[in-house]
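Report on the structure given below.
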Protein chains: 2
Amino acid sequence: MKTMTKSKGATALPLNTILSGDCIDAMNSLPENSIDLIFADPPYNLQLKGDLHRPDNSKVDAVDDEWDQFSSFAAYDKFTREWLTAARRLLKPNGAIWVIGSYHNVFRMGAELQNQGYWILNDVVWRKSNPMPNFRGKRFTNAHETMIWASKSEGAKYTFNYEALKALNEGVQMRSDWVLPICTGHERLKDENGDKAHPTQKPESLLHRVLVGSTNPGDVVLDPFFGTGTTGAVAKMLGRDFIGIEREAAYRKVAEKRLANTRKFDREALQVSASKRAEPRVPFGQLVERGMLRPGENLYSINGRHKVKVRADGTLIGDDVKGSIHQVGAHLEGAPSCNGWTYWSYKQDGKKVPIDVLRQQIRAEMAERPN
Amino acid sequence: MKTMTKSKGATALPLNTILSGDCIDAMNSLPENSIDLIFADPPYNLQLKGDLHRPDNSKVDAVDDEWDQFSSFAAYDKFTREWLTAARRLLKPNGAIWVIGSYHNVFRMGAELQNQGYWILNDVVWRKSNPMPNFRGKRFTNAHETMIWASKSEGAKYTFNYEALKALNEGVQMRSDWVLPICTGHERLKDENGDKAHPTQKPESLLHRVLVGSTNPGDVVLDPFFGTGTTGAVAKMLGRDFIGIEREAAYRKVAEKRLANTRKFDREALQVSASKRAEPRVPFGQLVERGMLRPGENLYSINGRHKVKVRADGTLIGDDVKGSIHQVGAHLEGAPSCNGWTYWSYKQDGKKVPIDVLRQQIRAEMAERPN
DNA sequence: TTAAAATTTGAATCACCCG
DNA sequence: GCGGGTGATTCAAATTTTA
C-alpha cells in the first residue's frame, strides 16, 4: 500500500509510510504546504518522582521511558518550539493541527501554538470514562486529557464537518467535551511478551472523531509521534492518506503490522452528512424565468404579517421597500439579515407553500441532469 | 462582619473586606506568607471581533468590557506574570492557588504558573451542563472552562479534603471533570436596571467544591478579581475568611450587598451545590466510533424487510433514504416516528442482535463509574 | 389556579462568494 | 483586496406569557 504520489515540485510525499528517525529532521525533509492535518501526541514530560504503588502494594507501570525525560521546562519548550515550527511549515494554508497532552505539558504547547501564529479553534477535553483512579487520595482522579485544535493562522478556511459531527452526536451539535473510554481490550496492542506495546496508546474512537470532523477523504494526515499508529490505522479506515514519523524501531514494527491488517471502509460508508452550504446556489430570479412564479404574484411572510409582489427581474416590491427576497425580508423584520428562501411563501390552491420548495425542485433537476 | 485579625508582624489582614484598586498594588500591600488559598478568575482576553447573532437574529451580549482588552499576548503575559508573582508572595508555604480560564488565556497562565515555581496538582475541567451553543456551526460548542490547581511549590503540604469530596460525589472519588450548570436564575445578580450585574459571574456550586476540597474552616481565602463576590459569599457560608480585591466600584457595591445578605452555613445553599445526575444519553454514533459497529456494516429491521448500511458519521444509508437510525426506520415503515434502538439489529455469529444491546453495554459502563 | 407554550439568555476569538 | 449580496445557523434551562 505504500505510495509516493501528490508530488509538490521536486519532492514527493511518502504517503502511507512510517518514517524513522527524529521527527524534526523527518518533517524538514518533507515539502512545505503539503499536509492537510497534523495530529500530534508528543511526550508529556511527566516528571514522576519515584515509583507509584497501589494500595495493595503492586507497582503502577508508569510512563518512565527515556523519551519522556526532559531536564527542564526550558528544554521541553525548545523541543516544543522546534517541532511546532517544523509542523507549521508543512501545513497547507488551510491546514490544521491537533495536539494532545496533560497538565504537565499542554499549557506550554498551547502558549507556543499561539506564539507561532497558529489560531486556536477549540480546546477539546477527552473525558475518560474509565481512568486510572488516584490511589493515594491526594488529588483529583486524573480523568481527562486536553486536545488543542488550531488552524495554521487566523482567518484560514479550516475543514470542519459540522453536519457529520452533529449526526455522530444524534442530531445535537458536538461539544468541546468528549466522553470516550481509554484504549483497552483487543484494541490495546501487545508486544511479544504480552505486555502493552506502547504506554500511551490512544483509542481509535478519539481519532475517528478527529478525522471525521476535520478532514475529508483523500486528505493527507501527518502524525509526527506515530507510536503504534492509531492515527494511521484510523486514517486508512476512513480513506485518508497518512504519514507517520516514529523514532523507536519497536513501535514502528508494531505499527507496520497493525496497518497491514487494517482495511478501508467501503466507499458508501465513508460518505457523511453534508452541509447545506455545499448545495448549488439557485438565484431567485430563476423561479420567475422558469415560470414557477409569475411577475405580479404575491408572496407572504412566514409570520403572515407582510405581503409583497414579485417583479420580472426577480426582486420584490412592498409598500415602501424593494429589493431581493433577503433584503426585503430583513428590512420588514428590522433584522440584520434574513433568509428569504425560508421567510417567503406563495399561494397554491389557497395554501401557503414556502418558496424554498421550488428551489428544492430545481436542485433535484440539477442532480438528475448535471449541466 | 469586617475584622482585622491574624496580624503577621506589623501588618494586619483586612479579613472579610473588599479592597479597591489595582489587584497587584493591593496584593503588595498585604503581608507575605499570610494566605491559605487564592482563587483567581482574571480577564480572559477574549479578542472578540464583530457582532454575533443567534439564528433568530437576536444579538449575543458579548463580553466586550474595557477590562478584558489587552493589546497583545505580550501585554497579557506581563499582566499575568505580575499578578501571579504578587499572589505567590502572599501564599503561606503550604498554600495553594486556583485559576480559571478558557483556551484564550489558560495556556499562558498555566505556563507562567510552572515558570514561577508553582507546582500543578490538577487541571480541573468545568463541564457546563447548559453552555451557549455555537450558533454558526463553525466550531465545537465551547462547553467547558479549565481550572488549574497548584501548590506554592513542589513538595508543599497542600490541603486536600479527599473524604469530603468523595462524600459530595456519592461515595466515589472526585474526578478532574466537574459537571455543573452556569450561573443563571435567582443566583445571577442584577443591577438597578435588571441587567446582569457582571458578565461572567461564576456559580456558587463551583466555588463550593473548590473551597470544601482545598481549604479548612478558618482559612483565609483571597480573590484578587473579586467581581460580584462569589468567592466571598461561598467562603462566608463555609466559615472561611475572605479578602476580595476589585477595581470596579459597581461590582464592589453589588458584592457588598450580596455579602451582607449571606449567612454562614446556609443549608439551602449547600443543597443547591449538589449536582443533579441526568440519565446518560448515548448517541448511536458512539457505537461506530467505539468500533462496536463498523462503517459499511449492515443493519436489519426487526421485521426482516429492510437492510441498510452504517456510515462513518453514525447515519444509515438504504436504497433511497439516509439519516439517523430513527429517521430511516420511520421512513421505511411510513411511520411518523420510530425508535431506531429497538427497530434495528446487527448480525453477530449469524444471529440478529438488537443494537439496543450495545447501548445497554455503554450504559452499564457509565453506571459502574458515574460522573 | 395551573399547565403549557413562548421567550429569553449564556466568557464566542462563529461565512463566503463574486466582481 | 475590498465591498456588497446571499443565505446558513442553536441548546439547555430559567422566566414570562398565554391558554
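Keep in mind the model is a prediction, meaning the values are calculated, not measured. Below, read A as the first sequence line, B as the second, and so on, with proteins coming before strands; counting in each chain starts at 1.
Taking atom NE2 of A/His326 as the reference point, atom P of D/dT9 lies 14 Å away to the nearest angstrom. Here the P atom of nucleotide D/dA12 and the CD atom of A/Gln173 are 9 Å apart, to the nearest Å. Regarding A/Leu165, its CG atom lies at a distance of 16 Å from the C1' atom of D/dC11, rounded to whole Å. One atom, CG of A/Leu121, and another, P of C/dA15, lie 12 Å apart when rounded to the nearest Å. Going from atom NZ of B/Lys138 over to atom C1' of D/dT9 covers 10 Å, rounded to whole Å. For A/Ile120 and C/dC14, the CD1 to P distance is 13 Å, given to the nearest whole Å. Whole-Å rounding puts the A/Trp119 CH2 to C/dA12 P distance at 16 Å. In this entry the distance linking NE2 of B/His53 with P of C/dA15 reads 12 Å, nearest Å.
Because its NZ or CZ atom is both nearer than 6.0 Å to the ring centre of A/Tyr118 and within 45° of the ring axis, A/Arg88 counts as a cation-pi partner of that residue. Remark: A/Arg108 fails to qualify as a cation-pi partner of B/Phe107 under the 6.0 Å distance and 45° angle criteria applied to the six-membered ring.
In this structure, B/Thr141 reaches neither bases nor backbone, as no heavy-atom distance under 4.0 Å exists between it and the strands shown. Here A/Thr342 lies out of heavy-atom contact (under 4.0 Å) with every strand. Here B/Gly101 lies out of heavy-atom contact (under 4.0 Å) with every strand.
In this model, the phosphate group of D/dT9 is not approached by any side-chain N or O of B/Arg139 to a distance below 4.0 Å at OP1 or OP2.
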Taking only nitrogen or oxygen atoms into account, show me every contact under 3.5 Å that the protein makes with nucleotides 7-11 of chain C, one pair per line with its distance.
residue : atom : partner  : partner atom : Å
C/dG10  : OP2  : B/Lys196 : NZ           : 2.8
C/dG10  : O5'  : B/Lys196 : NZ           : 3.3
C/dG10  : N7   : B/Arg54  : NH2          : 2.7
C/dG10  : O6   : B/Arg54  : NE           : 3.1
C/dG10  : N2   : B/Pro131 : O            : 2.9
C/dA11  : OP2  : B/Arg188 : NH1          : 2.9
C/dA11  : OP2  : B/Pro199 : O            : 3.3
C/dA11  : N7   : B/Lys202 : NZ           : 3.3
C/dA11  : N6   : B/Pro42  : O            : 3.0
C/dA11  : N1   : B/Tyr44  : N            : 3.0

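Between B/Thr231 and B/Leu211 the shortest heavy-atom distance is O-CD1, 4.1 Å. The shortest heavy-atom contact between B/Pro131 and B/Asn142 is CB-O, 3.8 Å.
Here the two rings, on B/Trp178 and B/Trp126, have centers that are 6.0 Å apart or farther. Between A/Tyr346 and A/Tyr300, the distance from one ring center to the other does not fall under 6.0 angstrom. Checked against a 6.0 Å centroid threshold, the rings of B/Tyr251 and B/His198 count as neighbours.
C/dT13: glycosidic angle within 90° of 0, hence syn.
Using atom P as the reference point in both D/dT9 and C/dG10, the two lie 25 Å apart (nearest Å).
With a cut-off of 3.5 Å on both pairing distances, the Watson-Crick and G-U wobble pairs of DNA chain C assemble into stems of 3 or more at C:2-10 with D:11-19, C:15-19 with D:2-6.
A donor-acceptor contact under 3.5 Å is not formed by the side chain of B/Ser102 with the base of C/dA12.
Under the 30°/60° scheme for interplanar angles, the aromatic rings of A/Trp98 and B/Phe140 are found to stand perpendicular.
Each of A/Val172 and A/Arg277 has a nearest nucleotide on DNA chain D; the 5'-most of these lies closest to A/Arg277. Nearer the 5' end of DNA chain D, as judged by each residue's closest nucleotide, is the contact made by A/Trp341, out of A/Lys166 and A/Trp341.
Judged purely by atom type and a 3.5 angstrom limit, A/Tyr158 uses its side chain to pair as donor or acceptor with the backbone of B/Lys138.
B/Leu52 pairs by the side chain to side chain contact (heavy atoms under 4.5 Å, CB included) definition with B/Val60, B/Phe135, B/Arg136, not counting sequence neighbours.
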